[in-house]
Amino acid sequence: MKTDLAVSTPTSGNHAQAPITPWGVYAAWRRNARVYQATWLVNSLPPLSEPLIYLVAFGYGLTPLVGDVMYNGASVDYLRFLAPGMMAIGVLFQSYSEGAYASYLRLDYQKTWHAILTTPLTFSEVFTGELLWAATKGMIAALATGILAVFWGLMSVGTVVLSIPLLLLGSVTFGAAGLLTAGLVRTIDQINVPLFLLIVPMFTLCGTYFPRDTLPSPLFEVASALPLAALADLLRWPLGLPDHWPWALLWLLGWAIASTLLAWRTIYPRLFR
Amino acid sequence: MVLEADDLWKTYGDRPVVQGVSFSLAAGEVLGFLGANGAGKTTTVGMLYGAVIPSRGRVMVDGFNVQTQGRRARQIMGVVTQEDNLDPDFSVFDNLRYFASFYGITGRAAQNRASELLAQVGLEDYHKHRVDQLSGGLKRRLVLARALINQPRLVFLDEPTTGLDPDARQDFWRLVTELKQAGCGVLLTTHYMDEAQRLCDRLLLLQNGQVINSGTPLDLIHSTIGVEVIEVDGLKEDQLQPLLTQFQTWGRPVGVHYLIAVPPQGGDELWDYLSHRHPVGLSRRRANLEDVFLRLTGHTLDEN
């Protein structure tokens, strides 16, 4: 019999080269959606309660102190400024934690990825299904915040609907960052390192709770370079887009692509030796 | 042939783990990989179902190349991995139902297939249980049921009974026999020689990633050892060594015993000779795969 040669590199092999089918991605995504569905009441608490608590706390607590804020050269009601930032934070935390913690558990503890990869699904399909599920969690959180903001009179329904493409881009970006974390860490505790070094500073400094231009110059530059800053700026489009918005969009897109590719290349060798 | 492996190699850095393994497996046949821990069994099986990328070589499953047509190949195979990878987020029943969806089996068809398999493996009373409520033996049964969800033509069982109690192992063996009778090709890795001897039509003995011998269990035993062996206690090795030359047979110490293959001619003479040396213990038994492994590798299966 003739012998085929296959060089053992992290991206060689059928799983890496096989085309992605919508059915395969959906099957992987659906597995997670079913688990979520079974415990939807518990699962829907954080995305609903967090923005509600923040909006109530900031609405009744901080607004009388802050009043209006200056954003993009105009005076804006603080809660109207805050609401898009809250949506961005929902995207950040829900997508990242699903990609990092939950995917890591499925990858390393439960070996769910290993089990599914013995079926006709390919690595690319399972990876994409996981990424889209992490993005779905971010979307649920952001849309729950958006609906609350609509009821609060801070946003129109149209604004929320038209923001969906941006929310999806942000959800994919942070979901992929979470998956990258899951691929890099070797113990679940190590997830705290990027969480506290990157995610929490991003959450506090990127202009979600206050305009970034109040920050000192070097910190302003660093905060503006982070993807949450671009997402928050873009989500505030009803309040006026900054001059650099096309760059912000491209920057966010670049983060999404880079995080996805890096996550793919990091997780693949953990499954195929 | 439902499975053909051709010159499989796997190296990690400079270290070869599997070296030129070739074999084939027919439908309705149970082929066993017998070897100590670290012999390369799991790596080889990983290459067969696509979890390990071969450094060289080719695997064909029912005519589909696992490396280039993996999706088609995996459609007709089932895998029981060594580690427990049941889905703890689902009930016993849903573990099967949702796994079926990965093969495109959904709705009523998936439910019916899941119910049928739970009955086949004797888990119908546990269908609503969570996976973490099952014992080790019940979990292995569920893993096997899951591997059969797509009615595979080929099943890989990687150390399926490790850690199971004797009753659970017997149950598992019965299920494997049923698979064979149903015409399914089964590849089994094990380090239990009784399991290999009981279930396998043919065996590949692996050591250091190489096939050191192959054949039916009985052929391997007869060609390597013979029909019987004698176990001697209490005689010194230098007393026994000359006998091996004299009777043209093989022997070696194993723990507290000295094991001697009974030669085709002169077996009774050897027995009488040993009896007259007044050993502490002397017994004669049928040769088994453990003896074969010992002769071929110099180790018992447990030693490694």
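Just so you know, these numbers come straight off a predicted model, no measurement behind them.
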Rounded to the nearest 0.5 Å, how far apart are [atom1] of [X] and [atom2] of [Y]?
{"X": "B:Asp87", "Y": "A:Gln110", "atom1": "CG", "atom2": "CD", "result": "6.0 Å"}
{"X": "B:Phe156", "Y": "A:Thr118", "atom1": "CZ", "atom2": "OG1", "result": "10.5 Å"}
{"X": "B:Ser101", "Y": "A:Tyr26", "atom1": "OG", "atom2": "OH", "result": "8.5 Å"}
{"X": "B:Tyr103", "Y": "A:Thr119", "atom1": "OH", "atom2": "OG1", "result": "5.5 Å"}

Which region of [X], side chain (C-beta onward) or backbone (N, CA, C, O), has a non-hydrogen atom less than 4.5 Å from a non-hydrogen atom of chain A, or is it both or neither?
{"X": "B:Arg146", "value": "side chain"}
{"X": "B:Phe90", "value": "side chain"}
{"X": "B:Tyr98", "value": "side chain"}
{"X": "B:Leu86", "value": "backbone"}

Does the side chain of B:Arg71 come within less than 4.5 Å of A:Glu125's, by heavy atoms?
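The answer is yes, as the side chains (C-beta and beyond) meet within the 4.5 Å cut-off.
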Should we count [atom1] of [X] as having more than 12 external heavy atoms under 6.0 Å?
{"X": "A:Arg186", "atom1": "CZ", "answer": "yes"}
{"X": "B:Tyr126", "atom1": "OH", "answer": "no"}
{"X": "A:Arg270", "atom1": "CZ", "answer": "yes"}

Under a 4.5 Å heavy-atom cut-off, does chain B meet the side chain of A:Trp23, its backbone, both or neither?
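When you check distances to chain B, only side chain atoms of A:Trp23 fall under 4.5 Å.
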At a heavy-atom separation under 4.5 Å, does A:Arg30 approach chain B through its side chain, its backbone, both, or neither?
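Just its side chain gets close to chain B.
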With no hydrogens and no angle check, is any side-chain donor or acceptor of B:Arg74 less than 3.5 Å from a backbone partner on A:Leu121?
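Yes.
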Pairs of heavy atoms under 4.5 Å with chain B: top-ranked of A:Thr21, A:Thr112, A:Thr39:
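Maximum pair count with chain B is reached by A:Thr21.
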Chain B contacts, top residue of A:Ala27, A:Pro120, A:Ala38, A:Ala28 (heavy-atom pairs, under 4.5 Å)
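Highest number of heavy-atom pairs under 4.5 Å: A:Pro120.
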As an exercise: rank B:Asp89, B:Thr43, B:Val79 by heavy-atom pairs under 4.5 Å with chain A and give me the winner.
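With the most close heavy-atom pairs to chain A, the winner is B:Asp89.
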